[in-house]
Amino acid sequence: MKKSIFIGIAFSMSSIAFAQKPISPAEFGESISVEDLYKHLSVLASDDYQGRETGQKGQKAAAIYIAKEFERLQLKPAGNDNFFQTFDLVKKTLAAKKLIVNQQVFNFGDDFFCAKNIGNVNFQSNEIVFAGYGIIDKIRNDFKTFNIEGKVVVILAGEPKNKKGLYLLSNSKEKSDWSNKNKKIAAIQKLKPKLILIVDAEYAKFAKSYKHQMETPSMQLEENYTKGPGDLSKEKVMQAFPVITINDNVARALLMPNNKNIDNLRKKYSKRRSIDPFVLKSTITANIDYLEEKTSTENVIGYIPGSEYPEEYVYITAHYDHIGVIDNEVYNGADDDGSGTVGVIEIAEAFALARAQGQGPKRSIVFMTVTGEEKGLLGSQYYTSNPSFEIKNSICDLNIDMIGRVDEAHKNDSNYIYVIGSDKISSDLHEINEKMNSAYTHMNLDYTFNSPSDPNRFYYRSDHYNFAKYNIPIIFYFNGVHDDYHKATDEISKINFPMLSNRTKLVFYTAWEIANRAEPLRKDKTNDFENNR
Ligand SMILES: [Zn+2]
């Protein structure tokens with residue numbers, strides 16, 4: 001606090017001398033420094049912050065750190081509780097997890113797996129049917145007229161292949177769409193079974209990630225949070241049909257009373273002609289329960305009101321949450337998205353310095369670090385549905401998510417940044433970003449991921465997307481993924497600070513131009529990402 005008062009007095013006394021000089025943002029952009037970025041990141045990406053998991057202590061400690069910085073910079077608070085926009089999430093944790101076949105107990109993760117959105121599954125049943133590959137098609141129907149309503153159905157994953165290695169349904173090396181698990185589930189669901197068990201021969205390959213996926217609590221926005229026009233029904237989390245994926249051990253236990261062997265059945269059902277389902281003489285008990293509890297979390301929002309167009313808002317965002325502690329290891333998320341978070345703090349400082357010299361932005365600039373990104377872009381979704389400022393007055397969102405590292409594709413040319421989405425809604429935005437880069441930061445702007453046909457679909461995978469849904473121009477600044485992505489090794493020691501600093505500066509200069517130019521951004525483009533959705 002002391003420091004900023006001192007700066008305020010010093011600069012206001014000399015502002016007359018400065019007033020004659022043409023405004024050069026470089027004077028302020030240069031305050032974005034390796035030292036400051038390091039100072040903030042060494043705090044936020046330290047073990048003390050416990051991987052900043054949404055709703056947990058570490059996330060809240062990080063929120064307090066960021067809010068103190070915003071206060072020091074004399075930003076105006078724009079949350080519902082000072083700098084915090086606090087809201088509730090529904091947290092689901094796996095509480096009970098048992099599958100018992102004829103008294104044999106199977107372990108969740110090691111032997112079976114199910115998605116979280118199947119809800120609670122608790123029952124005992126001895127009406128169990130084995131139905132081959134579970135295909136329902138003109139050329140092959142594994143159910144025929146067999147009634148499976150209310151029964152447990154056991155099917156094999158994938159689709160049958162003949163001895164030559166050709167897929168039976170396509171009669172070629174190409175899989176048919178019956179290899180898609182969801183297609184099978186949708187078709188079988190219509191026959192109204194109680195539960196579908198899928199025997200996956202490759203279960204062991206995925207067991208570890210299944211286990212982790214299920215043990216991590218899931219988070220959702222509350223049903224009754226205010227929805228905006230941009231919240232499409234597609235994104236609503238649907239309660240799914242109960243499906244459990246099992247390994248061969250569970251299948252063997254199920255088949256034992258019938259004296260059947262799983263490997264033989266795979267071979268047998270790999271013949272073109274359909275084989276009738278048969279009834280298993282086993283008993284199965286399923287006990288899968290989720291504990292639901294509310295947890296509060298917060299976006300951190302501060303702003304500098306514009307001097308000429310205070311009702312127009314330029315957003316600078318980054319998510320400050322990460323994935324927490326897994327198996328006693330702290331996932332510090334130095335790059336994801338510690339790098340973006342400290343970037344936002346430094347950009348706020350540069351604008352605060354400018355304001356202290358009488359050169360505050362003409363448009364309002366909102367600095368927002370959001371929560372819940374790792375749980376499904378929840379913080380930004382909540383914000384754009386419950387904004388502090390009218391959403392239609394948003395000029396753009398410059399979103400930073402991972403800008404401290406160098407990816408494999410650029411190991412011989414680290415002077416780059418991926419730019420995603422800049423030209424999708426406003427050609428002005430795209431041009432300004434390029435112009436500022438040519439004038440100040442001189443990086444290679446890589447547009448690889450800006451193609452709507454790029455399989456990574458990064459455009460949909462960070463917080464800017466919740467702004468783009470409202471047809472607000474966005475840029476997503478990104479360094480690409482690397483070996484430490486979502487690993488405990490995403491540590492500060494691996495951050496390339498000169499690159500982090502230069503990339504942060506590009507966001508600053510672009511924001512500076514947008515905030516100070518005479519015209520707001522033209523929205524002259526039809527977003528081809530939106531069309532490809
Ligand atoms: Zn991220």
Side-chain angles (χ1 to χ4, degrees), residues 24-46 49 65-66 69 73 316-320 322 332-354 367 369 398-420 422 432-449 458 462 475-485 487 489-513:
S24 167
E27 205 174 311
F28 314 112
E30 288 313 304
S31 74
I32 295 168
S33 70
V34 164
E35 292 73 24
D36 284 359
L37 290 162
Y38 182 85
K39 183 183 77 190
H40 297 309
L41 195 57
S42 64
V43 176
L44 292 170
S46 69
Y49 286 72
Y65 181 89
I66 297 161
E69 284 301 307
L73 299 170
I316 300 173
T317 57
H319 73 89
Y320 72 97
H322 193 56
N332 281 318
D335 189 29
D336 185 11
D337 186 22
S339 63
T341 302
V342 300
V344 171
I345 294 171
E346 279 298 282
I347 295 166
E349 186 177 65
F351 276 109
L353 278 172
F367 303 93
T369 59
L398 306 180
N399 183 47
I400 317 171
D401 194 351
M402 296 169 62
I403 56 164
R405 295 285 296 269
V406 172
D407 74 352
E408 187 64 22
H410 295 84
K411 61 178 183 207
N412 299 319
D413 151 41
S414 62
N415 189 35
Y416 77 101
I417 178 85
Y418 290 107
V419 175
I420 304 172
S422 60
I432 291 168
N433 187 60
E434 293 217 320
K435 194 175 86 182
M436 293 297 119
N437 181 54
S438 307
Y440 300 104
T441 47
H442 318 292
M443 284 181 286
N444 302 317
L445 305 181
D446 190 327
Y447 294 105
T448 306
F449 300 133
F458 289 126
S462 187
I475 298 181
F476 172 20
Y477 295 94
F478 180 47
N479 53 223
V481 291
H482 43 75
D483 287 346
D484 302 306
Y485 174 69
K487 299 224 173 85
T489 48
D490 180 2
E491 293 280 14
I492 191 168
S493 57
K494 297 186 177 173
I495 296 290
N496 180 331
F497 279 93
M499 279 317 302
L500 171 55
S501 167
N502 208 33
R503 289 162 174 165
T504 303
K505 285 175 187 172
L506 175 59
V507 184
F508 167 75
Y509 291 119
T510 300
W512 176 280
E513 178 65 17

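It should be emphasised that the depicted structure is a prediction, and the values quoted were computed from it without experimental measurement. We count residues from 1, following the sequence as given.
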| said: Assess whether a salt bridge exists between K505 and E346, defined as any Lys/Arg side-chain N lying under 4.0 Å from an Asp/Glu carboxylate O. | reply: no

| field | Main-chain N/O of I417 paired with D446 side-chain donor or acceptor, under 3.5 Å | value | no

| message | Check whether S339 reaches the backbone of I403 with its side chain - one donor and one acceptor, N or O, closer than 3.5 Å. | response | yes

| task | Calculate, to the nearest 0.5 Å, the distance between atoms OG1 and CG belonging to T489 and D335 respectively. | result | 11.0 Å

| task | Could you grab the distance from atom OG1 of T504 to atom CD1 of I400, nearest 0.5 Å is fine? | result | 6.0 Å

| request: Going by the ring pair (Phe, Tyr, Trp, His ring centres under 6.0 Å) test, name the single residue among F458, F449, F476 that passes it with Y418. | output: F449

| request: Count the heavy atoms belonging to other residues, nucleotides or ligands that lie under 6.0 Å from CZ of F497, then report whether that count exceeds 12. | output: yes

| Heavy atoms from other residues, nucleotides or ligands near CG of D483 exceed 12 (cutoff 6.0 Å) | no

Distance only, no hydrogens: is a donor on one side chain within 3.5 Å (strictly under) of an acceptor on the other, for [X] and [Y]?
{"X": "N433", "Y": "S422", "answer": "no"}
{"X": "N399", "Y": "T317", "answer": "yes"}
{"X": "H322", "Y": "N332", "answer": "no"}
{"X": "D337", "Y": "T341", "answer": "no"}
{"X": "D407", "Y": "H410", "answer": "yes"}

| request: Output all residues satisfying side-chain contact (heavy atoms from CB on, under 4.5 Å) with E513, sequence neighbours left out; order by chain, then residue number. | output: I432, K435, M436, R517

| query | Hey, which of D336, I495, L500 is the one that makes side chain to side chain contact (heavy atoms under 4.5 Å, CB included) with R405? | reply | I495

| So which of V342, N502, I347 actually passes side chain to side chain contact (heavy atoms under 4.5 Å, CB included) with I32? | I347

| query | Would you call the rings of W512 and F508 parallel, tilted or perpendicular if under 30° counts as parallel and over 60° as perpendicular? | reply | tilted

| request: Can you label the angle between the H40 ring and the Y65 ring as parallel, tilted or perpendicular, going by 30° and 60°? | output: perpendicular

| task | Starting from the C-alpha separation in whole Å, work towards a yes-or-no answer on side chain to side chain donor-acceptor pair (under 3.5 Å) for N444 and N415. | result | CA-CA 6 Å; N444 302 317; N415 189 35; 5.4 Å; no

| message | Show me the pairs that pass salt bridge (charged side-chain N to carboxylate O under 4.0 Å, His left out) and involve residues 494-504, at least two apart or across chains. | response | D484-K494

